[in-house]
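Scroll down for the structure; my scribbles are underneath it.
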Amino acid sequence: MSEIGLEVCVDDADGLAAAVEGGADRIELCAALSVGGLTPTAGLMALAGPPRVPVYVMIRPRPGDFVFGAGDLEMMRRDIDAVRDARLAGVVLGASLTDGQLDAAMLRKLTGHAAGLGLTLHRAFDLVPDFKDAIELAVELGFERILTSGGARSAPQAIEKLAELVALAAGRLSIMPGSGVTLDTVDALLAKLSVSEVHSSCSIREPAHDSRLVSMGFVAEDRRRTDAATVRAMKARLSAQ
């Protein structure tokens, strides 16, 4: 069996450096992971490129739902241009209709604008009413992989569903488990799944160092920080599978 790849999501310069130092196979570059990830700044994109490892950039213009309008589309097109200008490897996309189905028309516009870049479908997929139809659309649009928790809050809660998704994909694209994938959960996840890659923050909890920042609402009492040692440990765990 070939080694399972590790994608690490990061949302700042220190996290980017830690993921590279720890040996991540690919990086998902974001802002604001606390709300599921948003488009990072042009400055962070520039810092990530030219990449030492492949970097895929989250294209999500705002927190909240994935129902995007014309203004959102224009922002996302410009952000895709910034990814290309930074010479990064790909983009992470998703868009929904109000009933949770993937917005095929919006995704066709976005993937068309991203021609030449790698494509990951993000966890908007987890909201769809019919996983089979969503996988077929993702294949049609040229996505390389789907980042998914199997429709649950975290991937370890939906191992059986993830196995069904792997079967539905039938090797046409990668089903990449993400959300709640940690050193404590990855073994049980992979014992039942035939996947080629996983997605993890490889983070540790770090308390705020200044109570004034907490009292003013600038930071939470603690935060998650990407940790190079945890990245290395996860890589070692995946190599042992």
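Keep in mind the model is a prediction, meaning the values are calculated, not measured.
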Check: [Y] main-chain N/O paired with [X] side-chain donor or acceptor under 3.5 Å:
| X | Y | result |
| --- | --- | --- |
| E144 | L119 | yes |
| R237 | L183 | yes |
| H122 | V92 | no |

Would you say the side chain of [Y] lies within less than 4.5 Å of the side chain of [X], judging by non-hydrogen atoms?
| X | Y | value |
| --- | --- | --- |
| V35 | R62 | no |
| K235 | D25 | yes |
| M176 | V195 | no |
| S154 | S149 | no |
| L137 | E140 | yes |
| D133 | V128 | no |
| V91 | T120 | no |

Should [X] and [Y] count as an ion pair when the cut-off is N to O under 4.0 Å?
| X | Y | result |
| --- | --- | --- |
| R60 | D79 | no |
| R225 | D14 | no |
| R78 | D81 | no |
| R145 | E7 | no |
| K132 | E164 | no |

What heavy-atom pair brings [X] and [Y] nearest, and what distance separates the two atoms?
| X | Y | value |
| --- | --- | --- |
| A19 | V8 | CB-CG1, 4.0 Å |
| A169 | I175 | CB-CG1, 3.9 Å |
| P40 | M58 | CD-O, 3.5 Å |
| A95 | A124 | N-CB, 4.2 Å |
| D126 | L147 | OD2-O, 4.5 Å |
| A134 | L102 | CB-CD1, 3.8 Å |

So E21 and V231, side-chain contact (heavy atoms from CB on, under 4.5 Å) or not? Walk me through it.
CA-CA 8 Å; E21 178 188 342; V231 177; over 6 Å; no
Say you draw a straight line from [atom1] of [X] to [atom2] of [Y]; how long is it, rounded to the nearest 0.5 Å?
| X | Y | atom1 | atom2 | value |
| --- | --- | --- | --- | --- |
| L44 | T39 | CG | OG1 | 11.5 Å |
| L121 | T148 | CG | OG1 | 9.0 Å |
| L97 | D65 | CG | CG | 11.0 Å |
| R172 | E136 | CZ | CD | 4.0 Å |
| L107 | K109 | CG | NZ | 11.0 Å |
| L127 | D99 | CG | CG | 10.5 Å |

Starting from [Y], can I reach [X] by hopping between I/L/V/M/F/W/Y residues whose side chains sit under 4.5 Å apart?
| X | Y | result |
| --- | --- | --- |
| L38 | L93 | no |
| V20 | Y56 | no |
| V53 | M234 | yes |
| M75 | L88 | no |
| M76 | V67 | no |

Taking only residues at least two apart or on different chains, which pairs with a member in residues 128-183 satisfy ring-ring contact (aromatic ring centres under 6.0 Å, His included)?
F125-F131
For T230 and S203, run side-chain contact (heavy atoms from CB on, under 4.5 Å): C-alpha distance rounded to whole Å, both residues' side-chain angles, the deciding distance at 0.1 Å, then the answer.
CA-CA 7 Å; T230 304; S203 61; over 6 Å; no
Tell me whether R153 at atom CZ has more than 12 heavy atoms from other residues, nucleotides or ligands lying less than 6.0 Å away.
no
Go through the structure and list residues passing salt bridge (charged side-chain N to carboxylate O under 4.0 Å, His left out) with R52, not counting sequence neighbours.
none
Applying side-chain contact (heavy atoms from CB on, under 4.5 Å), name anything that partners L189, two or more places apart in sequence or on another chain.
A155, I159, L162, P177, V181, L193
